[in-house]
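Sequence lines set the chain letters: A, B, ... in the order given, protein chains first and strands last, and positions in each chain run from 1.
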There are 2 protein chains.
Amino acid sequence: MAYRKTPAEIQRLESAREHLVTRATDVVAEVGWSGASVTAVADAAGIAAGSVYQHFASKAALAVEVFRRATGHEVDVLESVLNGSGTPVERLADGVRVFARRALESRGLAYALLAAPADAAVGAERLVFRRRYRALFAEVIREGMAQGLLPPQNGEVTAAALTGAIGEVLVAPLGSPEDDDQDILAELTAMALRCAGAAPSSARP
Amino acid sequence: MAYRKTPAEIQRLESAREHLVTRATDVVAEVGWSGASVTAVADAAGIAAGSVYQHFASKAALAVEVFRRATGHEVDVLESVLNGSGTPVERLADGVRVFARRALESRGLAYALLAAPADAAVGAERLVFRRRYRALFAEVIREGMAQGLLPPQNGEVTAAALTGAIGEVLVAPLGSPEDDDQDILAELTAMALRCAGAAPSSARP
DNA sequence: GAAAGAAGTGAACCATCATTCATAGTTTCC
DNA sequence: GGAAACTATGAATGATGGTTCACTTCTTTC
C-alpha cells in the first residue's frame, strides 16, 4: 500500500536534477543570467517549466545551485594548486596562471560567474566565494611573508586586490582583439607577483 | 499667439531636471539600482511618476544620466591628479589615494557605481568608464616605463588590474569591521605601486 | 491489473513595475 | 481675460516572467 521510491527511481530523480543543473549552467554560460528564464532553462533541459519546481523551490535556488557548483569547482582547483608544491611565490604564480587559463577557456561561464549582472541571491553567493578566494590568496601571501619571500604587507588587502585584478583582466575586453591569451596569461601572472611584492623572476620557469 | 518658453521657464525646467538627477543619485546611493524604481525616484524628487518622463525618455536614460554624472566626475578628478605634478610613480600613488579616499567617503554611491547589479544600459556605460579609467592608468604607467621608473610590462594589463584591484578592495567588506580606512588607504596605495613594479618607497612621502 | 502515491505538464495566474494618457493645472502672449 | 501651448498628475495599461495548480502520466505495491 505504502509507496516508497525504489533506488532506481531515486537515482532517476537525482540525475534529472543533475541534468537540469548542467543544462542550466550551459544556458547561463551562453546567454547570461538575464537570458536564463525558467522557460529557457526548462527547454534546454527538455522538461516543462513547472517541472523545475519539482527540484528547486524557486528560480533563485536553482541559480544559486548553478553558481555554487561552478564556482565551487574553481575554488577547489585553486586551493589545490595554492597548497601544492613549491615556494609560496611559485604556488601563487601557478595559482594565478591556472585560474586564469581555466577562465579563458570558458569565457562565457567565467563572465557569468565573475561579473555578469545576476539576481540578488547569486550576488550574495558571489560575495561568499570572493571571500574564499581572498582567504586562499591571503594564506599563501602570509606564508610568503613568513619565509621572507614577500615584503611585509596587509595580506588581506593584497589578496582582495588580486581577486579583483584577475577578474577585471579576464573580463575586460582587453585592448586589441584577441590579444593572444598566452600573452595575457604571462602578463597577468607577472603582475600578480609584482602585486604581492615578489622579487622579479623568483617564480618557477 | 506663438508660445515660447521664457528664460525663467527654461531655467525652471532645467533645474527641475537637475533636481531629479540629484535626488535619483541619492536614492541609488542609499538603496542601490534595484531599489530605485521610477516611483521611488519620483517621490524623492517630489514629483509624480509620470513627470519623470517629461525629462527622460525612459528609466534607463535617467539611470545612465545618473551614472554618467557621478562617474564622470570621478574620472575627471582622477585624470587631473594623474596628470598633475611629480614623477609618474608619485602621480600614480596620488591617483589611487585620491580615488580611494573619495570612494570610502561615500561608500553607498561608490558601490552602486563600481559593482552593484544594475540594468543593462548602466552595465554598458560601466564598461565605457572602466575603459577610461584603464586608459588613464595605462598612460601614467607608460610614462613611468619611459622614464625607467617602472619595469617593462603590458601597461594595459596592469591598468586593468589596478582598476579591478581598487574596486574590489573598496567594495569588499574587508576583514575586521572598520579596519580603519586610513590603513586600507595606505595598504592599497602601496599595493598599487608594487603592482606597477615601482621601486619601494619611490612615492611621495 | 487496479488503487494509491508521485512526478510531469503547461496554460492560467499574479506581482511587479515601467510606461502611457486623459485630465487638470500653468505659462505665454495678444 | 482668454485662447493656445505646454507641463504635471496619477490611475490605468501592458509587458514580462516567476509561480501555481488542476490534470495527465508514470511507478509502486498488493
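Between the side chain of W33(B) and the backbone N or O of V28(B), no donor-acceptor pair lies under 3.5 Å. Checked by atom type and distance alone, the side chain of R91(A) pairs as donor or acceptor with a backbone atom of G86(A) at under 3.5 Å.
Side-chain atoms of Q153(B) and T158(B) form a donor-acceptor pair, as typed in the model, at a separation below 3.5 Å.
Each of L185(B), L82(B), V81(B) was scored for a side chain to side chain contact (heavy atoms under 4.5 Å, CB included) with V98(B), with one residue passing: V81(B).
Rounded to a whole Å, the CH2 atom of W33(A) is 17 Å from the C1' atom of dG17(D). Rounded to an integer number of Å, the gap from I10(B) CD1 to dT27(C) C1' is 13 Å. Note: CG (L13(A)) to P (dT27(D)) measures 11 Å, nearest angstrom. Going from atom NE2 of H55(B) over to atom C1' of dC6(D) covers 13 Å, rounded to whole Å. For the pair Q11(A) CD and dA6(C) P, the interatomic distance rounds to 20 Å; values are reported in whole Å. In this structure, the CZ atom of F56(B) is 15 Å from the P atom of dT7(D), given to the nearest Å. In this entry the distance linking CG of D43(A) with P of dG17(D) reads 14 Å, nearest Å.
L62(A) approaches F56(A) most closely through the heavy-atom pair CD1-CE1, 3.6 Å.
Shown here is R68(B), whose CZ atom has no more than 12 heavy atoms of other residues, nucleotides or ligands within 6.0 Å.
The listed nucleotides are dT9(C), dC29(C), dT7(D); the one nearest the side chain of R4(B) is dC29(C). Picking from dT27(D), dA8(D), dT27(C) the nucleotide with the shortest atom distance to the side chain of E9(A) gives dT27(D).
A distance of 5.5 Å separates CG in L162(B) from CD1 in I141(B), rounded to the nearest 0.5 Å.
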Along nucleotides 11-22 of chain C, 5' to 3', which nucleotides get a B, which get an S, and which get a -, given that the test is a protein heavy-atom distance under 4.0 Å?
-------SBB--
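Applying the 3.5 Å distance criterion, the base of dA8(D) shares a donor-acceptor pair with the side chain of Q54(B).
In terms of phosphate contacts, R12(A) brings no side-chain nitrogen or oxygen within less than 4.0 Å of OP1 or OP2 of dA6(C).
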